[in-house]
Each structure stands twice: as C-alpha cells, then as structure tokens.
Amino acid sequence: MLRLIALFSLLLSVAACTNPNDLDKAPVPLGDFKLGYNVVVAPNITKGPASRDASKEEWTTAMKKAVGARFSRYDGDKLYHLAISIEGYVLAVPGVPLIASPKSALILNVTVWDDAAGKKMNEKPEQVTVIESFSGETVLGSGLTQSKEKQMQNLSRNAAKLIQNWLVRQKYQEDWFGGTAADRKQARAVATTKAGTTAGKPVSPAAATPAVAPAAKSAVAAN
C-alpha cells in the first residue's frame, strides 16, 4: 500500500500523453487476436491521496466496458483472454486551479491467456500506469470540471489504449498473436473478402472460432 501511495504522489505531477479517441478508426493490426474472456477484478484496490471514493464494482464495470469497446473490434483466428486486476486509483477532487489541482490516475496489472494453449503468455503481470488525458476540461483539474463517473470513464479508456499499445509491442518483440505473419494473413483475408463482394460473389472467412473450454474462465479469473 505504501508503495502505491508513493507512486500516486509522484504521478500527480505528471502529464498524460495517451489519446484513446481512435475507436472510429480501423484497429492497429494485432495478428490472430480475438478477445475471449474480459475479466476484471479489484481484490486489493487502494485509494490514493486526495481522491474521491469509488467502489470495486464501479471500477470493474468501467474497465470491462472500455476493454470490450477496444478489443471486441478484433476478429482474428485465435481466442485470447485478458485478465486485469485494478490495484489503485486517484480520482481528483476540486482544488485551487493551477496551484493545487491534482490529476486522476489508475494502476492495474494485466495478464494475457492463450486459450488454445491453456496458459498465460506473460508469467509476470504487466503493470500499466494511467494518467488522465490533458484536455480543455482537465487543464484546471478534472476534479473541478468532471464528475467521478466521467473521470473513471476517461481513465478506463486510457488504460485500454495502453494495454493495446503493450500487446502490439509484444506482437513485434515476442511474436505474440502469430506476429507479423498473422497480420499479413488477416490482410489477405480482408482483401479477398472485399474482392469477392465487389465481384458479386461474397466470400465468407474460412477461419472458425475455436471453442472455449469451460475451465478456461475459472483459470483466468483466478489469476
């Protein structure tokens, strides 16, 4: 807990540079990724200093919604589960503009499960640290201009974008999700489908969605 509080104290003076407002665009290629279970828990969540209160249920609901909105757009050939544990947060309270206006922040851990292999892809959870985005609404502190619900929504959307960024890096660096070869396969499938539709002969994707073993959800939730 002391470590989280110390980290939050540092984060309050840091500006964010995350832009999650890209859901209306085509998603960044992520190989053969298709979202399976979207599991969010908050068993040991810590509220940082100078923060509004928010329940575990409020946080898990907001985070699941943001993850679903970002990752349900992928339609790859394999299922992967995201297991997220929310560790701590700060929801900025009203302060003195430009002098004591704190920033909202969120810390969470992420584990990715390969459904077909039935195991984690990262043994050590990836810690993601999120700061509220800089905007006209937050320049004087989001505690002055935003409700608690809006603050949580913005942090959750930023978190989902940062998770996506990490997964893309892992795809290139660790060959996750079939690496760039799977990207090319997906691109060819899309091009073939478009060509078939244009010719008046729609082409159905050949890949079938793999079944999820009943035990998989319990395993993901437990980690």
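Separating the CD atom in Glu87 from the CG atom in Leu108 is a distance of 8.0 Å, to the nearest 0.5 Å. Glu58 CD to Ser55 OG: the interatomic distance, rounded to the nearest 0.5 Å, is 3.5 Å. Put simply, OG1 on Thr60 and NZ on Lys65 are 13.5 Å apart, with the number rounded to the nearest 0.5 Å. Separating the CG atom in Asn165 from the NZ atom in Lys161 is a distance of 5.5 Å, to the nearest 0.5 Å. Here OG1 of Thr46 is found 12.0 Å from CD1 of Ile86. Values are rounded to the nearest 0.5 Å. Distance check: Asp175 CG to Gln173 CD gives 11.5 Å after rounding to the nearest 0.5 Å.
You'll find the side chain of Ile84 stays beyond 4.5 Å of the side chain of Lys64, heavy atoms only. The shortest side-chain heavy-atom distance between Val128 and Trp166 does not fall under the 4.5 Å cut-off.
The minimum heavy-atom distance between Ile45 and Lys56, with the atom names listed, is CG2-CG, 3.9 Å. Here the shortest heavy-atom pairing between Gln146 and Gln151 reads OE1-CG, 3.7 Å. Nearest approach of Met152 to Leu91, heavy atoms of both residues: CG-CD1, 3.7 Å. Contact record, Gly118 with Trp113: O-CZ3, 4.0 Å, taken as the closest heavy-atom pair. Closest of all the heavy-atom pairs between Asp183 and Pro29 is OD1-CB, 3.5 Å. Residue Met63 comes nearest to Ser156 through the heavy atom pair CE-O, 3.5 Å, listed as atom of the first residue, atom of the second, then distance.
With hydrogens and angles ignored, the 3.5 Å screen pairs a side-chain donor or acceptor of Ser104 with a backbone N or O of Ala92. A distance-only check finds no donor-acceptor pair linking the side chain of Lys47 to the backbone of Asp53 [under 3.5 Å]. A donor-acceptor pair under 3.5 Å is absent between the side-chain atoms of Arg70 and the main chain of Ala159, judged by distance alone. In this structure a side-chain-to-backbone donor-acceptor pair under 3.5 Å is missing from Tyr89 to Leu155.
Donor-acceptor pairing under 3.5 Å is recorded for the side chains of Tyr80 and Asp32. Under 3.5 Å, the side chains of Gln164 and Tyr74 contain a donor-acceptor pair of N or O atoms.
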**Asked** Stepwise, does the side chain to side chain contact (heavy atoms under 4.5 Å, CB included) test hold for Asp115 with His81?
**Response** CA-CA 7 Å; Asp115 180 73; His81 312 303; 3.0 Å; yes
**Request:** Determine, stepwise, if the pair Val112 / Leu82 fulfils side chain to side chain contact (heavy atoms under 4.5 Å, CB included).
**Result:** CA-CA 5 Å; Val112 183; Leu82 295 181; 3.9 Å; yes
**Message:** Evaluate Gln170 against Asn122 for side chain to side chain contact (heavy atoms under 4.5 Å, CB included), listing each step before the verdict.
**Reply:** CA-CA 10 Å; Gln170 292 297 98; Asn122 55 310; 5.7 Å; no
**Asked** Asn158 and Leu106: side chain to side chain contact (heavy atoms under 4.5 Å, CB included), yes or no, with the steps?
**Response** CA-CA 9 Å; Asn158 283 358; Leu106 179 65; over 6 Å; no
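By the criterion of side-chain heavy atoms lying less than 4.5 angstrom apart, applied directly or through intervening Ile, Leu, Val, Met, Phe, Trp or Tyr residues, Leu23 is not grouped with Val130; the two fall into different hydrophobic clusters.
Below 30°, between 30° and 60°, or above 60°: for Phe33 and Phe177 the angle between ring planes is above 60°, a perpendicular geometry.
Checked against Asp114 for a salt bridge (Lys or Arg N to Asp or Glu O under 4.0 Å), the options Lys78, Lys119, Lys120 give a single hit: Lys78.
Under a 4.0 Å N-O distance rule, the pair Arg157/Asp22 does not qualify as a salt bridge.
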